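Written below as structure tokens is the structure these notes are about.
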Amino acid sequence: MSEAANLYGVVAKFGSPETILAAAQQTKDAGYENIEAYTPFYIEGLDDNLGHAPTRLGWVVLMMGITGLLTGFFIQYWSNAVFYPLNIGGKPLNSWPNFIVITFECTVLFSAFTAGLFMLGRNGLPRPYHPIFNTPGFEDATRDKFFLCIESKDENFELEKVKSFLSGLNPEDVAEVDY
Amino acid sequence: MASISGKPPFKETNRVIVKSETFASIDDSVNKPIETAPFKTPLWWWIGFFMAASLLGVYLVTITMLITKGIGIFGNNQPVAWGFPIINFVWWIGIGHAGTLISAALLLFRQPWRTSINRAAEAMTIFAVVCAGLYPILHLGRPWVFYWLAPYPNTFGLFPQFRSPLDWDLFAISTYASVSILFWYIGLVPDFATLRDRARNTFMQWFYSLLSLGWNGSAKAWQRYMRAYLILAALSFPLVLSVHSTIAMDFAVGQLPGWNNTIMPPYFVAGAVFAGFAMVNILAIPLRKAFGLERLITYRHIDNSSKLMLATGMIVVYGYAVELFMAWYSGVEFERYMAFNRVLGTDHGWAFALLIFCNLIAIQPLWSKRVRQNMTMVFIISIIVSIGMWLERYVIVVVTLTKDFLPGSWGDYVATFWDYSMYLGSFGLFFTLWFLFIRLLPSIATSEMKELQHHDSHHGSDYYEEQRAEEFSKKGLPV
Amino acid sequence: MTNILSAKLGRLQMTGLVLGAIGIIVAIIMAFVSGGQGFFQSYLYAFLFWTGLALGCLILLFVQHMAGGSWGAMIRRPLEAGAMVLPVMALLFIPILFGMGNLYSDWLHPHSELVEAKIAYLNRPFFIIRSVIYFAIWIFGAWYFFSASSKQDKVDSHEGGRIGFSLKRTATFWIVIYILTMTFAGVDWAMSLKPEFFSGMYSVILMIGQAISAMCLMIFVMVYLANNDKEIDALLTSKRLQDLGNFLMAFTLFWAYTSFSQIIIIWSNNIVETNPYYLLRFSAAWQVVGYFLLIFGFFAPFVILFSRWVKRKRRALVMVAIWAVLVRMVDLFYIVIPNFSREGFPLALSDVALLVGIGGIWIAAFAYWLKSRPILPLNDPRLAHAGGHHG
């Protein structure tokens with residue numbers, strides 16, 4: 001395992017999306033599993049190349065959407081037809097056509113906030129500190145540089161090997177990053 | 001790299017994204033204006049902000065008057081119980097819809113040109129919804145109890161009457177406002193991170209890192225982010241439809257001739273988008289000049305949004321035509337009289353004539369490329385369209401209400417000083433927020449622009465794109 | 001096109017003709033057995049469905065030209081073939097003229113002031129003139145795009161690109177024309193069955209229904225072709241298939257939106273001229289169909305289409321498309337048939353017989369046009385780099 005207990009990982013810096021895509025693929029192929037890339041924008045296919053599983057966000061949103069749908073309808077049905085029956089314009093107490101709009105709005109409200117907040121939560125945000133921020137020059141990770149990190153918790157992590165492996169990928173820079 | 005002042009003259013283009021842009025140059029041109037020190041803020045910003053803030057003052061005075069004196073300060077009466085407040089409410093919320101459409105629908109349809117204007121358009125949406133949402137609340141008479149519209153357990157043991165579209169409005173608009181803010185904020189998070197990393201003083205760093213929530217741009221985070229973003233887009237699209245449809249139903253479920261029309265929902269939506277794109281043009285044309293963003297918001301963007309303005313405008317006119325045809329076709333005396341009074345009535349016929357001029361005739365020049373490529377023309381047409389869409393709501397609200405069924409209960413409507421001051425004041429609210437936005441937040445989504453740049457560099461240009469360029473250069477238009 | 005595919009389409013054409021003959025013969029026998037009454041009702045229903053399919057192909061043809069994108073170039077030929085069925089549908093319109101006295105007697109012989117007020121529009125000569133105009137315009141549009149497309153095959157790729165570009169522009173105008181004509185066609189053919197009823201949304205609902213059925217047709221035609229043709233097989237990537245699925249989903253959503261809007265407005269404002277429309281359709285006998293449409297016509301397909309897997313899997317998407325076409329038939333049934341106040345169980349054998357009969361003829365004509373030319377437009381610039389992964 002890691003030589004220094006304090007080591008978070010080794011980070012290589014790349015200059016273009018193409019190089020990091022290739023580097024990610026090679027790193028995964030070399031058998032490393034705890035790897036992560038940091039990029040200024042979404043690069044299609046990078047998550048595949050790193051071996052990340054697809055997100056299950058869609059299903060969570062669907063479940064919460066159905067919950068919102070039922071909640072929205074139930075509030076209206078229960079309050080206008082059961083709890084305090086209101087006869088308006090001779091319409092049936094359960095005037096479902098008139099309940100559709102609010103039901104729909106509740107569905108959207110629930111699903112949208114699930115999508116947004118679940119995404120932030122699963123990404124561990126808000127999170128003021130992250131060891132990757134210790135990488136030298138990391139402020140360019142939100143500008144025009146692309147970083148690839150092999151974390152020290154990886155089973156195959158051996159500092160020298162990892163460093164020479166990353167150097168072989170044609171990076172602009174390789175650095176050890178502490179916690 | 002182009003700087004703000006004394007930059008070399010830039011040749012206008014019709015490309016969605018200029019080939020020579022790099023990730024860094026996008027970053028710089030968008031974020032430079034925001035990083036300017038407070039005392040170096042350009043003069044035009046101060047003038048604009050000051051004017052907007054003054055109008056905001058007018059707004060606050062009007063609200064104070066309204067709360068102290070009551071709704072009687074407005075021209076509303078019987079039978080015209082919905083005067084300016086509802087006209088302006090519908091007008092403002094309509095403007096908002098183009099923003100959501102640009103950011104959501106055009107994302108789903110993979111239209112690359114949406115990317116450089118979506119941020120500003122979403123901001124416009126939120127501010128317009130704020131302006132709109134205040135109207136019905138203030139119009140209630142007792143605005144401080146507006147929460148009675150929401151279902152909550154209370155000592156009266158009462159619940160709202162859910163069969164009324166007025167209550168649907170509450171749900172539709174509050175959902176719309178909150179989802180729009182969420183969508184906007186999620187889109188901003190990576191850009192806040194960029195600003196955080198660019199920050200040169202502690203205050204800015206602190207401010208933007210708080211807003212960025214500690215975003216680090218890891219691939220896994222981006223994966224979830226994109227999925228969430230797409231889901232939000234997919235949800236926002238039908239949401240927009242539902243919001244303006246609900247507003248259309250405020251009218252359409254009534255029995256009044258001129259209101260009880262089933263075509264109302266889609267044509268209201270089209271009208272909203274129509275007015276919204278006009279507002280996008282009104283805001284984007286000065287913005288690109290003032291901040292030197294011509295390289296990112298190009299002629300192409302204005303051209304496309306004008307095309308959409310034309311298309312939605314034609315749908316709106318279709319709505320008018322169907323409305324009038326159905327009024328005749330119904331064979332019902334009141335419906336037919338409504339149509340007659342709307343078009344040829346002596347007291348308000350002018351409004352319809354002017355509306356046809358603004359919404360049908362004035363947009364026809366947009367079929368021509370030359371007009372769409374002329375920023376001044378587009379700007380003027382957009383202003384005419386905004387006026388036209390206001391008149392449309394005037395016709396729908398006032399003209400319909402003044403003469404309904406029994407001549408004995410007909411009436412007239414005259415707006416008062418406070419009606420106008422409240423309308424002007426709401427511009428103050430809108431533009432105050434707008435000026436703060438362009439000064440403090442990135443008005444173009446940089447991370448999305450970079451992605452687009454990356455994507456663009458991998459795809460040969462479209463065949464039609466070349467055809468277009470060829471034709472443009474023949475006509476002497478920017479390529 | 002391979003010979004095998006051509007032969008298969010030829011067989012399809014024969015099958016269509018045979019089915020058409022059987023269906024129509026059965027319907028005619030039914031008409032003699034039970035009196036002519038039901039025949040024209042069923043005929044109008046079947047005619048509206050299949051004309052709608054052809055018109056759906058026409059409008060999607062315009063839309064894909066306007067929108068650009070390789071998904072459109074890929075389905076162009078089937079759309080053109082579908083739109084070219086319109087001349088056949090114009091011929092099949094003639095029997096309706098003989099059935100007018102039966103179908104439209106409420107306004108041919110008005111017995112209320114309300115209907116008398118509109119005889120300036122609803123009268124026999126004007127009705128016929130309008131219908132002739134609609135078909136003339138539509139057939140011209142279909143022919144124009146069809147022949148320009150054939151011409152594109154014969155020229156070089158540069159000239160082909162120019163033709164494509166000009167079609168892209170013309171398409172915008174044609175969309176306007178289609179919407180205008182279809183608005184009135186919907187009023188004439190279907191809405192005037194109950195002349196007291198009026199609704200601005202009515203024709204819009206018919207239009208979106210047409211687009212859905214045409215999109216479904218495209219889904220299974222493309223999958224069918226992909227199984228028989230290597231080139232199409234390579235083109236019909238999961239991403240492009242997903243595009244088609246997304247369109248189906250969006251159209252379904254829009255159909256629900258327009259239908260709900262009409263229901264909510266008419267049902268809420270409760271006006272004596274319009275409300276009978278939904279009073280009838282919400283009555284005990286018909287509401288089952290309404291609930292079916294709500295649950296199985298909208299919710300189920302919508303939730304299923306939510307899954308990316310379904311939209312990317314050929315067999316799965318074809319199943320959904322077939323289902324959606326069946327829903328179209330039910331929806332049109334729900335729009336048209338209650339007007340006739342049939343007694344007892346509303347579905348008549350002649351409805352099915354004529355749906356199959358006219359459908360057979362439709363399919364035969366479609367197969368004829370489809371096999372007459374290469375299955376992909378040769379010089380469509382959008383296909384030039386369609387091999388890539390983006391649509």
Side-chain angles (χ1 to χ4, degrees), chain A residues 17 24 36-44 46-47 50 52 54-55 57-58 61 65 72 75-76 79-80 83-84 86 88-89 91 95 98-99 101-102 104-106 108-109 111-113 115-120 122-130 132-133 138-144 147, chain B residues 22-24 27 151 157-165 167-168 171-172 174-176 178-179 182-183 185-186 189-190 193-194 196-198 209-210 213-229 231-232 235-236 238-239 242 245-246 249 446-448 450-451 454-455:
Chain A
E36 185 57 291
Y38 300 86
T39 58
F41 54 87
Y42 172 71
I43 300 173
E44 204 178 332
L46 185 58
D47 44 355
L50 288 166
H52 289 329
T55 161
L57 189 61
V61 171
I75 288 179
Q76 301 176 78
S79 63
N80 276 187
F83 176 72
Y84 197 114
L86 280 175
I88 307 286
K91 298 280 193 304
S95 309
N98 284 357
F99 295 161
V101 175
I102 294 182
F104 172 79
E105 303 300 339
C106 290
V108 171
L109 189 71
S111 348
F113 274 82
L117 299 181
F118 188 82
M119 182 275 286
L120 291 178
R122 286 285 290 158
N123 283 344
L125 305 177
R127 174 175 186 177
Y129 176 77
H130 192 281
I132 194 73
F133 289 137
F138 196 73
E139 56 278 6
D140 283 341
T142 55
R143 184 176 164 87
D144 59 352
F147 293 81
Chain B
T22 63
F23 300 137
D27 229 18
L158 282 174
F159 274 96
Q161 204 278 88
F162 286 116
R163 269 161 279 189
S164 160
D167 209 58
W168 308 347
F171 280 84
S174 54
T175 303
Y176 184 47
S178 49
V179 171
L182 179 77
F183 194 31
Y185 183 71
I186 298 268
V189 164
T194 306
R196 168 197 69 201
D197 293 345
R198 289 171 63 95
S209 49
L210 209 61
L213 302 176
W215 177 261
N216 61 16
S218 72
K220 188 70 196 173
W222 274 117
Q223 181 200 43
R224 293 197 188 100
Y225 177 92
M226 283 314 286
R227 177 49 71 83
Y229 201 67
I231 289 175
L232 281 173
L235 289 167
S236 301
L239 180 63
S242 83
S245 303
T246 307
M249 283 171 199
T446 47
S447 63
E448 286 179 59
K450 290 175 192 168
E451 187 194 338
H454 162 59
H455 189 269

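Letters A, B, ... are given to chains in the order of the sequence lines, protein chains preceding strands, and every chain is numbered from 1. Worth saying up front: this structure is predicted, and the values here are computed from it rather than measured.
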Region of [X] that comes under 4.5 Å of a non-hydrogen atom in chain B:
X: A:Ala112; answer: both
X: A:Ile88; answer: both
X: A:Gln76; answer: both
X: A:Leu50; answer: side chain
X: A:Phe133; answer: side chain

Separation between [atom1] of [X] and [atom2] of [Y], rounded to the nearest 0.5 Å:
X: A:Thr55; Y: B:Arg224; atom1: OG1; atom2: CZ; answer: 6.0 Å
X: A:Ile75; Y: B:Phe162; atom1: CD1; atom2: CZ; answer: 6.5 Å
X: B:Asp167; Y: A:Asn80; atom1: CG; atom2: CG; answer: 9.0 Å
X: B:Ile231; Y: A:Met119; atom1: CD1; atom2: CE; answer: 10.5 Å
X: B:Leu158; Y: A:Phe83; atom1: CG; atom2: CZ; answer: 8.5 Å
X: B:Phe23; Y: A:Asp140; atom1: CZ; atom2: CG; answer: 13.0 Å

Heavy-atom pairs under 4.5 Å with chain A are the metric here; pick the option from [options] that has the most.
options: B:Asn216, B:Thr446, B:Thr246; result: B:Asn216
options: B:Gly214, B:Gly217, B:Ser447; result: B:Gly217
options: B:Ser209, B:Pro238, B:Pro190; result: B:Pro238
options: B:Pro160, B:Ala172, B:Ser245, B:Ser164; result: B:Ala172

Full working for side chain to side chain contact (heavy atoms under 4.5 Å, CB included) between A:Val101 and B:Phe171:
CA-CA 8 Å; A:Val101 175; B:Phe171 280 84; over 6 Å; no
Taking the side chain as every heavy atom from C-beta outward, state whether [X] and [Y] have any atom pair closer than 4.5 Å.
X: A:Thr142; Y: B:Asp27; answer: no
X: A:Ile43; Y: B:Trp222; answer: no
X: A:Val61; Y: B:Arg227; answer: no
X: A:Asn123; Y: B:Trp215; answer: yes
X: A:Phe99; Y: B:Arg163; answer: yes
X: B:Thr22; Y: A:Asp144; answer: no
X: B:Ser178; Y: A:Leu109; answer: yes
X: A:Glu36; Y: B:Lys220; answer: yes

For the student: nearest non-hydrogen atoms of A:Tyr84 and B:Gly157, plus distance
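That closest heavy-atom pairing would be CD1-O, 3.4 Å.
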Compare every heavy atom of A:Ala115 with every heavy atom of B:Ala228, then report the nearest pair and how far apart it is.
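Of all heavy-atom pairs spanning B:Ala228 and A:Ala115, the closest is CB-O, 3.7 Å.
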Please classify the contact between [X] and chain A as side chain, backbone, both or neither, with a heavy-atom cut-off of under 4.5 Å.
X: B:Gln161; result: both
X: B:Pro165; result: neither
X: B:Leu235; result: both
X: B:Leu239; result: both

Run the ring pair (Phe, Tyr, Trp, His ring centres under 6.0 Å) test against A:Phe118 and tell me which residues pass, sequence neighbours left out.
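Not a single residue meets the ring pair (Phe, Tyr, Trp, His ring centres under 6.0 Å) criterion with A:Phe118.
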Please enumerate all residues that pass side-chain contact (heavy atoms from CB on, under 4.5 Å) together with B:Glu451, with sequence neighbours excluded.
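Testing B:Glu451 for side-chain contact (heavy atoms from CB on, under 4.5 Å), a comparison that skips the adjacent residues, returns A:Phe41, A:Tyr42, B:Met226.
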Hey, which of [options] has the most heavy atom pairs under 4.5 Å with chain B?
options: A:Val108, A:Leu117, A:Asn98, A:Asp47; result: A:Asn98
options: A:Arg122, A:Glu139, A:His52, A:Arg143; result: A:Arg143
options: A:Gly116, A:Cys106, A:Ser79; result: A:Ser79
options: A:Gly89, A:Ser111, A:Gly124; result: A:Ser111

